[in-house]
There are 2 protein chains.
Amino acid sequence: MQSRTPAPRATGRPRSAAADTAILAATRAALVELGWSKLTLGDVATRAGVAKTTLYRRWAGKNELVVDAVAELFDELELPDSGTLAADIEGVVLQFAAILARPEAQNGLMAVVAESCRDDALRERIRSSIVDRQKRLVLEGRERAQARGELPPEADPLEAARTVDLIFDMVAGAVVHRTLVSAEPADAAWVHGFTQVLLTGLTGPAVE
Amino acid sequence: MQSRTPAPRATGRPRSAAADTAILAATRAALVELGWSKLTLGDVATRAGVAKTTLYRRWAGKNELVVDAVAELFDELELPDSGTLAADIEGVVLQFAAILARPEAQNGLMAVVAESCRDDALRERIRSSIVDRQKRLVLEGRERAQARGELPPEADPLEAARTVDLIFDMVAGAVVHRTLVSAEPADAAWVHGFTQVLLTGLTGPAVE
DNA sequence: AGCTTTCGCTACGAGTCGTAGCGTAATGGC
DNA sequence: GCCATTACGCTACGACTCGTAGCGAAAGCT
């Protein structure tokens with residue numbers, strides 16, 4: 001799931017699974033204390049109680065390691081079934097905001113996204129282990145809302161995919177920008193206002 | 001405006017303004033070719049035709065230099081007066097997307113934002129030289145739309161400021177996420193759909 | 001002139017990188 | 001139980017970047 005296992009051999013000493021979890025935890029701790037730029041693989045190895053060479057045997061570099069370490073933070077994301085689309089959105093956005101509020105997520109996420117601009121393999125790794133898992137929530141929430149009749153059904157599947165992508169970029173982008181650029185907390189009040197605008201638009205009912 | 005001038009002395013040899021522009025241009029060129037992580041100040045100095053020590057005399061480090069280099073890209077941002085709120089939004093968002101499509105902006109922007117998580121001075125520098133200039137466009141566009149009657153006027157100035165912040169995070173966040181995370185172009189079709197959702201909401205008229 | 005500040009250049013210690021080499025530990029197959 | 005195979009811990013290494021110090025020369029102002 002995490003380190004790209006290079007076809008696990010049937011013979012020989014198996015890789016320590018405990019080392020994997022220790023390394024990823026140490027990476028997050030180092031992200032909190034040092035941030036991205038001052039994080040060194042040697043330091044992570046020391047924290048995790050493993051040799052530096054072990055790190056290089058499992059991950060190609062700092063980028064891949066941090067992606068895996070941060071990806072685990074998003075494992076807890078779940079789509080609540082609150083009964084209404086608005087409540088579903090507010091619930092999942094609040095979860096997302098809570099993860100982004102953690103310093104290890106802030107320090108790691110933007111840095112690897114920046115690196116992915118020049119590394120397609122890294123971008124693919126981010127997409128498969130972080131982004132797609134988030135996007136699935138949008139897909140499920142949309143289907144649920146359409147079943148409830150809260151959203152009009154899409155006939156064209158290609159058009160539907162475009163809409164899901166748009167919504168996803170709007171939701172994730174707004175929370176990320178609020179948290180990391182504006183540096184303000186995406187708290188319950190903000191999430192409520194955001195959901196109102198997303199559902200009814202600027203010209204719609206007053207924003208609460 | 002760019003390098004934090006340390007109280008320009010009236011006496012002595014003045015700093016070469018040509019060196020400043022050459023350094024910032026060289027920084028952008030290095031961002032395109034090398035990306036953030038492999039960009040070194042020694043390389044920038046060589047490209048700009050100045051000594052490495054000159055760089056360190058003007059900027060505290062890589063972060064500050066890249067912020068100033070990227071900030072210049074946003075100088076061209078202007079709010080068009082298209083007659084309707086929707087057209088105004090589409091116009092300015094397309095401009096913003098065009099800037100974010102440039103590799104020097106992609107490589108530099110996210111990296112400095114990531115660094116700013118652990119450096120309040122850097123965050124303030126980004127805010128004053130990049131973010132606030134963008135936010136002013138939202139403010140102007142909103143006032144213009146309210147004068148036209150396209151948006152309801154806000155009585156409470158504090159509430160109005162909150163709404164402007166929300167809209168700004170939604171617009172900038174969506175474009176940034178689309179461009180840098182989803183890695184898809186924010187072209188005219190996407191901007192049109194985005195504007196529709198922003199104005200009328202998901203439950204409003206069909207997206208297109 | 002004389003003063004002040006900047007500039008280009010060189011050199012330096014400190015720190016990190018990623019790898020190679022070695023002996024040892026932990027599996028599965030015979 | 002023995003052996004082949006792989007992972008592990010450890011040390012050491014060259015290469016590179018960092019940020020700074022020191023110097024003489026250049027470019028302004030009064």
Side-chain angles (χ1 to χ4, degrees), chain A residues 2-27 30-31 33-66 107 111-112 115 118-119 121-122, chain B residues 2-27 30-31 33-66 107 111-112 115 118-119 121-122:
Chain A
Q2 51 233 21
S3 46
R4 88 279 59 159
T5 44
R9 307 272 187 271
T11 175
R13 173 178 178 177
R15 285 189 171 173
S16 162
D20 256 30
T21 62
I23 289 172
L24 293 177
T27 304
L31 273 177
E33 288 185 29
L34 307 172
W36 164 266
S37 58
K38 293 185 179 176
L39 180 148
T40 70
L41 293 195
D43 183 63
V44 170
T46 304
R47 288 170 189 262
V50 301
K52 188 173 65 163
T53 45
T54 298
L55 261 168
Y56 281 102
R57 288 191 190 102
R58 304 194 184 195
W59 284 275
K62 191 164 145 179
N63 295 334
E64 290 78 7
L65 174 62
V66 171
N107 289 331
V112 294
E115 290 298 312
R118 299 192 56 78
D119 186 341
L122 184 65
Chain B
Q2 52 233 20
S3 44
R4 85 280 62 145
T5 43
R9 307 270 186 271
T11 175
R13 174 178 177 175
R15 287 190 171 172
S16 162
D20 256 30
T21 62
I23 290 171
L24 293 177
T27 303
L31 273 177
E33 288 185 28
L34 307 172
W36 164 266
S37 58
K38 294 186 178 178
L39 180 149
T40 70
L41 292 195
D43 184 62
V44 170
T46 304
R47 288 170 189 261
V50 301
K52 189 174 63 163
T53 44
T54 299
L55 260 167
Y56 280 101
R57 287 189 192 102
R58 305 193 183 195
W59 282 276
K62 192 164 144 178
N63 295 334
E64 291 77 6
L65 174 62
V66 171
N107 289 332
V112 294
E115 290 299 312
R118 299 193 56 79
D119 185 342
L122 184 64

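Naming: A, B, ... by sequence-line order, numbering from 1 per chain. In what follows, every heavy atom counts, from backbone to side chain, and hydrogens, waters and symmetry copies are set aside.
- Among the candidates A:Val44, A:Leu65, A:Val66, the single residue satisfying the side-chain contact (heavy atoms from CB on, under 4.5 Å) test with A:Leu24 is A:Leu65.
- Side-chain atoms of A:Thr11 lie closest to D:dT5 of the nucleotides D:dT5, D:dC8, D:dA26.
- Distance, A:Leu34 CG to C:dT16 P: 10 Å, rounded to whole Å.
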When you compare the protein's N or O atoms with those of nucleotides 18-20 of chain D, which come within less than 3.5 Å of each other, and at what distance?
{"from": "D:dG19", "atom 1": "OP2", "to": "B:Tyr56", "atom 2": "OH", "distance (Å)": "2.6"}
{"from": "D:dG19", "atom 1": "N7", "to": "B:Lys52", "atom 2": "NZ", "distance (Å)": "3.2"}
{"from": "D:dG19", "atom 1": "O6", "to": "B:Lys52", "atom 2": "NZ", "distance (Å)": "3.2"}

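- Contact annotation: A:Arg57 does not reach the phosphate of D:dA7 (side-chain N/O to OP1 or OP2, under 4.0 Å).
- As rounded to whole Å, 13 Å separates atom C1' of C:dG8 from atom CG of B:Leu55.
- Across the protein-nucleic acid pair, A:Asn63 atom CG and C:dC17 atom P stand 12 Å apart, rounded to whole Å.
- Residues B:Asp20 and B:Arg15 form no side-chain contact, since every pair of their non-hydrogen atoms from C-beta on lies 4.5 Å or further apart.
- Separating the CH2 atom of A:Trp59 from the C1' atom of C:dC17 is a distance of 18 Å, rounded to the nearest angstrom.
- For B:Arg13 and C:dT6, a side-chain-to-base donor-acceptor distance below 3.5 Å is present, hydrogens and geometry of angles not being considered.
- Qualifying salt bridge (charged side-chain N to carboxylate O under 4.0 Å, His left out) partners for A:Asp119, counting only residues two or more places apart in sequence or in other chains: none.
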Handout entry: Stepwise side chain to side chain contact (heavy atoms under 4.5 Å, CB included) test for A:Ile23 and A:Trp59
Key = CA-CA 11 Å; A:Ile23 289 172; A:Trp59 284 275; 3.7 Å; yes
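- A straight line from NZ of A:Lys38 to C1' of C:dC17 spans 18 Å, rounded to a whole angstrom.
- Under the salt bridge (charged side-chain N to carboxylate O under 4.0 Å, His left out) criterion, A:Arg47 pairs with A:Glu33, A:Asp43, not counting sequence neighbours.
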